[in-house]
2 protein chains.
Amino acid sequence: MQKLLRMTHQREVILDEIKKSSTHPTADELYERIKKKLPRISLATVYRNLEIMSESGLINKLEISGRQKRFDWDLDQHDHIYCIQCHRVDNIDLADKKDVALPADQNRGYKVAGCRVEFYGICPKCSARSQKKQKGESKKMACKSKCGSKELSEKQREILEALAKCEDACGSKDIAAATSLEPKQVSCQITALKKKGLVDSPVRCKYAITGDGKDALS
Amino acid sequence: MQKLLRMTHQREVILDEIKKSSTHPTADELYERIKKKLPRISLATVYRNLEIMSESGLINKLEISGRQKRFDWDLDQHDHIYCIQCHRVDNIDLADKKDVALPADQNRGYKVAGCRVEFYGICPKCSARSQKKQKGESKKMACKSKCGSKELSEKQREILEALAKCEDACGSKDIAAATSLEPKQVSCQITALKKKGLVDSPVRCKYAITGDGKDALS
DNA sequence: CTTGACACGGTAATAATTATCAACTACTTT
DNA sequence: AAAGTAGTTGATAATTATTACCGTGTCAAG
Ligand SMILES: [Mn+2]
Ligand SMILES: [Mn+2]
Ligand SMILES: [Zn+2]
Ligand SMILES: [Zn+2]
């Protein structure tokens, strides 16, 4: 019953890779790096062993609010700050952490096992980046990876190509005629394209392709 | 461009349902409750509107460490404690929260946007429950819903049925003979069944079906 | 009455993780 | 040494939570 765990070659390499990283890597980041040393390793093995090693106290598993788990070789008690834009995670040493301890009369009957303090904000690199690119205001960037990207559906590409051929702004009816799509479908897709910044509306109800839109076609 | 949001019937019902709940519900919990009033509503609509309403400040979105998002009608600043067993979330009022503020020289260049304090432990109900059921020690219960359940694969069921017919404990070779499975496969599956508590090993290398195992077959 | 912005329901797709399983490896016990 | 067995692996399927897509519907303004 004593569940002894073997230190296999895979585990050694995984542990090694964590120990040499300062960035609190995710499972798939580790997998990408480890593949260079063990090309035949499976992603499942990486996940499996990260779980086992964190359970047995060899490494630390970080569960940052609502996103990918990250792993930390540093077993000493410390807290973290993460970037809400690029999701990078850095260490924070909180001197007066003990003040955060929960008064016994406040615990609502819970047996308190621990406390996590998490700061969030914008990391230096992302601050620098957003200085340059001030224009794309992007009210809603809460979506994942590809969502905000310039990937086009079939219909969107068709519409965009039609717009690219126009001299100047034209209405959705013109586009519908040029593309053999229904007017309703066109307006639906135009909305999506505007959100992506690939078309804009210089005059009400008239649309034109933007620079970004032309780039997206190539 | 002013992005006015309509108060549709769906939104009213969703908002209403959040306001009357004290448990920080998840999107799908809300969906289940709302379906009783609006049977035709789509889960996507619930997700969509929870996102929109939290963005526009009507409700609060909680991102508790590495799991489902929860929603809170209480817009005042407060923190939370969650149960690591049943994932329930309760409010915590932290008087000296200001002490947690990050000293400017510690921020590693981040523009700090906020701080979350999260307690975790075992809620009163789960404590009470684990008093009664002391035996199932379950070292590894980190897996989700069905994982620890009694669901059987084809082969596992076959093995279990063979074991049920035996008077007393028998070795994996006997089982292999009785089931037309390879001995190796048998030992592989026995391990899984032991983990689920459906078989046990009264003597080394001999296996027998447990009470739970018999239940699982019916 | 059109038009277009916003919204909806249904469903497909995605991302991260976990489960399943046959094959393999390395200890233990005979 | 042979056999038996616990632990491990790689490949792949499955699951969970969430988001994207799309055709259609609604409503308010011109
Ligand atoms: Mn750290
Ligand atoms: Mn709350
Ligand atoms: Zn960043
Ligand atoms: Zn609980």
Side-chain angles (χ1 to χ4, degrees), chain A residues 1-11 26-28 31 38-52 66-69 140 142-149 151-156 171-173 181-192 194-195 201 204-205 207, chain B residues 1-11 26-28 31 38-52 66-69 140 142-149 151-156 171-173 181-192 194-195 201 204-205 207:
Chain A
M1 283 287 169
Q2 66 278 14
K3 184 86 171 179
L4 71 144
L5 56 137
R6 293 183 192 150
M7 185 45 70
T8 61
H9 187 39
Q10 284 88 335
R11 278 181 196 162
T26 60
D28 59 308
Y31 174 61
L38 303 175
R40 312 227 23 192
I41 201 172
S42 157
L43 176 58
T45 301
V46 174
Y47 269 103
R48 194 168 29 223
N49 287 324
L50 288 171
E51 182 64 35
I52 288 171
R67 49 185 74 263
Q68 255 180 110
K69 291 186 181 98
K140 188 173 181 179
C143 55
K144 289 185 189 169
S145 55
K146 211 172 65 180
C147 149
S149 84
E151 291 223 351
L152 298 171
S153 69
E154 272 302 285
K155 286 176 187 172
Q156 292 178 352
S172 55
K173 201 179 281 182
L181 290 167
E182 308 281 6
K184 269 192 179 172
Q185 295 182 19
V186 173
S187 83
C188 202
Q189 295 306 320
I190 290 265
T191 311
K194 259 204 298 186
K195 207 175 285 176
S201 175
R204 210 176 189 294
C205 313
Y207 302 102
Chain B
M1 282 287 171
Q2 66 278 15
K3 184 88 171 177
L4 72 144
L5 58 139
R6 292 182 194 151
M7 186 45 69
T8 61
H9 186 40
Q10 284 89 335
R11 278 180 197 164
T26 60
D28 59 307
Y31 174 60
L38 302 176
R40 313 224 25 188
I41 201 173
S42 157
L43 176 58
T45 302
V46 174
Y47 269 105
R48 194 170 29 224
N49 287 325
L50 287 171
E51 181 65 33
I52 289 171
R67 48 185 77 262
Q68 248 172 309
K69 291 184 181 101
K140 187 173 183 179
C143 56
K144 288 184 188 170
S145 57
K146 211 173 66 179
C147 147
S149 85
E151 290 223 351
L152 298 171
S153 69
E154 272 303 283
K155 287 177 187 171
Q156 291 177 354
S172 55
K173 200 180 280 181
L181 289 168
E182 308 280 7
K184 269 191 182 174
Q185 296 182 19
V186 173
S187 82
C188 202
Q189 296 306 320
I190 290 265
T191 312
K194 260 204 297 185
K195 208 176 283 176
S201 174
R204 210 178 188 296
C205 313
Y207 302 102

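A, B, ... follow the sequence lines: proteins, then strands. Residue 1 opens every chain. The shown structure was predicted, so the numbers you read here are calculated from the model rather than taken from an experiment.
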Return the nearest nucleotide to the side chain of [X]; candidates are [options].
X: A/A44; options: D/dT12, C/dT11, C/dT17; result: D/dT12
X: B/R6; options: D/dT8, D/dG10, D/dT26; result: D/dT26
X: A/E51; options: C/dA19, C/dT18, D/dT18; result: C/dT18
X: B/S42; options: D/dT19, D/dA11, C/dG10; result: C/dG10
X: A/Q10; options: D/dG10, C/dT17, D/dT26; result: D/dG10

What contact category does B/D28 fall into here, base, sugar-phosphate, or nothing, at under 4.0 angstrom with non-hydrogen atoms?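 No contact.
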
What contact category does A/T45 fall into here, base, sugar-phosphate, or nothing, at under 4.0 angstrom with non-hydrogen atoms?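 Result for A/T45 = base.
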
OP1, OP2 of [N] versus side-chain N and O of [X]: anything below 4.0 Å?
X: B/T8; N: C/dC6; result: no
X: B/Y47; N: D/dT19; result: no
X: A/R40; N: D/dA11; result: yes
X: A/R11; N: D/dT8; result: yes
X: A/K69; N: C/dA15; result: no
X: B/R67; N: D/dT16; result: no

Rounding to a whole Å, what distance do you find between [X]:[atom1] and [N]:[atom2]?
X: B/M7; N: D/dA28; atom1: CE; atom2: P; result: 15 Å
X: B/L38; N: C/dG9; atom1: CG; atom2: P; result: 8 Å
X: A/Q68; N: D/dA17; atom1: CD; atom2: C1'; result: 14 Å
X: A/L5; N: D/dG7; atom1: CG; atom2: C1'; result: 10 Å
X: B/Y31; N: C/dC8; atom1: OH; atom2: P; result: 14 Å

Using the side-chain hydrogen bond (donor to acceptor under 3.5 Å, both in side chains) criterion, which residues pair with A/D28? Sequence neighbours excluded.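 In terms of side-chain hydrogen bond (donor to acceptor under 3.5 Å, both in side chains), with neighbours along the sequence ignored, A/D28 is linked to A/T26.
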
Separation between CD1 of B/I41 and CD of B/Q10, rounded to the nearest 0.5 Å: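 Between atom CD1 of B/I41 and atom CD of B/Q10 there are 5.5 Å.
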
I'd like to know if A/R48 reaches the base of D/dG10 with its side chain such that a donor and an acceptor end up less than 3.5 angstrom apart.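 Result: at least one qualifying N/O pair found.
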
Can you name the residues that form a side-chain contact (heavy atoms from CB on, under 4.5 Å) with B/Y47, not counting sequence neighbours?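 Per chain and number, B/Y47 pairs via side-chain contact (heavy atoms from CB on, under 4.5 Å) with B/A27, B/L43.
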
For A/T26 and for B/N49, find the nucleotide of DNA chain C with the closest heavy atom, then tell me which residue's nucleotide is more 5'.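 Nearer the 5' end of the strand: B/N49.
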
Run the side chain to side chain contact (heavy atoms under 4.5 Å, CB included) check on A/R11 and A/T45 step by step: do they pass? CA-CA 9 Å; A/R11 278 181 196 162; A/T45 301; over 6 Å; no

Can you find a pair of side-chain heavy atoms, one from A/L38 and one from A/H9, that are under 4.5 Å apart?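 When only atoms from C-beta onward are counted, A/H9 and A/L38 do touch, with a gap below 4.5 Å.
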
